[in-house]
Amino acid sequence: MRIVLAEDSVLLRDGLVGLLGRFGHRVVAAVSDRDGLQQAVAEHDPDVVVTDVRMPPGFQDEGLRAALELRRERPRLPILVLSQYVETRYATELLNVGDGTHVGYLLKDRIGHVNEFIDALRRVAEGGTVVDPEVVRQMLRRHRDPLDALTAREREVLALVAEGRSNLAIATALNVAEASVAKHIRNILSKLGLPPAEETHRRVLAVLTFLRS
């Protein structure tokens with residue numbers, strides 16, 4: 001994959017360039033601020049963007065704002081946003097722009113789990129939706145109102161769907177049959193009252209319901 005990387009920390013930026021290269025990906029531009037990110041995307045038309053949330057000049061949410069602008073301009077551009085802290089509203093904002101696909105929100109700590117990080121990048125590039133497991137756990141602890149109709153197992157399955165996992169991966173994690181997972185997901189979609197649509201889109205709608213809860 002051809003990747004545009006935006007990260008103000010030189011050490012982390014260089015480390016990510018090397019890490020991605022070891023897995024056969026090419027970083028076509030590695031920049032340190034919002035303007036550089038937007039210019040690099042316009043110039044290189046990458047397969048995927050990886051960006052930090054906080055970047056110069058304000059070190060607030062410049063990277064996130066740039067990601068949201070890119071999503072509006074290029075709804076199918078895969079973007080993986082990295083954050084130092086758990087901010088559930090950031091994940092919600094990302095998913096609310098466009099159709100909720102080709103997007104991911106991970107904590108920077110996840111980079112240390114190399115295979116998980118590379119797998120998340122691949123899933124985003126292929127059109128998936130990935131939310132960091134810690135973000136999912138915090139949301140489960142804080143808010144469950146729209147999810148009250150779901151059983152404990154269904155909430156567990158929905159949390160794994162929010163992480164971007166496939167039915168097979170969910171079945172493996174829960175040590176159940178894949179058919180059981182498919183049944184749970186049908187029940188979740190029905191209980192949440194989601195409108196008829198292509199299954200991938202309905203899964204995204206379920207994740208959005210989860211994030212907004």
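Residue V50 is not grouped with residue L70 when hydrophobic side chains (ILVMFWY) are merged at heavy-atom distances under 4.5 angstrom, including chains of intermediate members. Taken together through direct or relayed side-chain contacts under 4.5 Å among Ile, Leu, Val, Met, Phe, Trp and Tyr, I118 and V103 form parts of separate hydrophobic clusters. Follow the hydrophobic side-chain contacts under 4.5 Å out from V41 and you never reach L80; the two are in separate clusters. Cluster membership for V49 and F23, using ILVMFWY side-chain heavy atoms within less than 4.5 angstrom, is not shared. When hydrophobic clusters are built by joining Ile, Leu, Val, Met, Phe, Trp and Tyr residues whose side-chain heavy atoms come closer than 4.5 Å, directly or via intermediates, I111 is not grouped with M55.
Under the 3.5 Å distance criterion, the side-chain polar atoms of R34 are left unmatched by any main-chain donor or acceptor of P57. Although no hydrogens or angles enter the test, the distance criterion places no donor-acceptor pair under 3.5 Å between the side chain of N167 and the main chain of V181. Under the 3.5 Å distance criterion, the side-chain polar atoms of D61 are left unmatched by any main-chain donor or acceptor of V53. In this structure, the side chain of R123 engages the main chain of G164 through a donor-acceptor pair within 3.5 Å. Side chain of S190 to backbone of R186: no donor-acceptor contact under 3.5 angstrom is found. With hydrogens and angles disregarded, a donor-acceptor distance shorter than 3.5 Å links the side chain of R13 to the backbone of E7.
In terms of heavy-atom proximity, R54 sits nearest to Y85 at NH1-CE1, 3.8 Å. Taking every heavy atom of both residues into account, L94 and G104 meet most closely at CD1-O, 4.0 Å. The shortest heavy-atom contact between H102 and R71 is O-NH1, 3.5 Å. In terms of heavy atoms, A40 sits closest to V31 at CB-CG1, 4.3 Å. Annotation for A66 and L37: closest pair CB-CD2, 3.7 Å, computed over non-hydrogen atoms. Scanning both residues, E134 and L107, for their nearest heavy atoms gives CB-CD1, 3.8 Å.
To the nearest 0.5 Å, atom CD of residue Q84 and atom OG of residue S9 are 9.5 Å apart. The structure places CD of E126 at 12.5 Å from OG1 of T101, a figure rounded to the nearest 0.5 Å. Taking NE2 of H44 as the start and CD of Q39 as the end, the distance is 10.5 Å to the nearest 0.5 Å. Taking CG from N175 and CD1 from I170, the interatomic distance works out to 14.0 Å, rounded to the nearest 0.5 Å. Note that the CG atom of D47 and the CZ atom of R26 stand 9.5 Å from one another [nearest 0.5 Å]. Atom-to-atom distance recorded for L64:CG and E69:CD is 10.0 Å, nearest 0.5 angstrom.
A 4.5 Å side-chain heavy-atom check between L106 and E116 finds every atom pair outside the cut-off. Residues F59 and D52 form no side-chain contact, since every pair of their non-hydrogen atoms from C-beta on lies 4.5 Å or further apart. Contact of the F117 side chain with the L82 side chain is registered, since non-hydrogen atoms from C-beta on lie closer than 4.5 Å. Contact annotation: the side chain of K183 approaches that of N187 to within less than 4.5 Å [non-hydrogen atoms, C-beta and beyond]. Annotation: side chain of V4 is in contact with side chain of V28 (closest heavy-atom distance under 4.5 Å).
Between E93 and R65 there is a salt bridge, with a side-chain nitrogen of the basic residue lying less than 4.0 Å from a carboxylate oxygen of the acidic one.
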Would you check, one step at a time, whether the test side chain to side chain contact (heavy atoms under 4.5 Å, CB included) holds for L16 with I3? CA-CA 11 Å; L16 280 170; I3 299 169; over 6 Å; no
Query raised in the report: Given M1 and L20, is the side chain to side chain contact (heavy atoms under 4.5 Å, CB included) satisfied, shown in steps?
Result: CA-CA 9 Å; M1 288 186 290; L20 293 167; over 6 Å; no
| task | For side chain to side chain contact (heavy atoms under 4.5 Å, CB included), just list the numbers for V48 and H25, CA-CA rounded to whole Å, side-chain angles, deciding distance to a tenth of an Å, and then say yes or no. | result | CA-CA 10 Å; V48 62; H25 306 306; over 6 Å; no
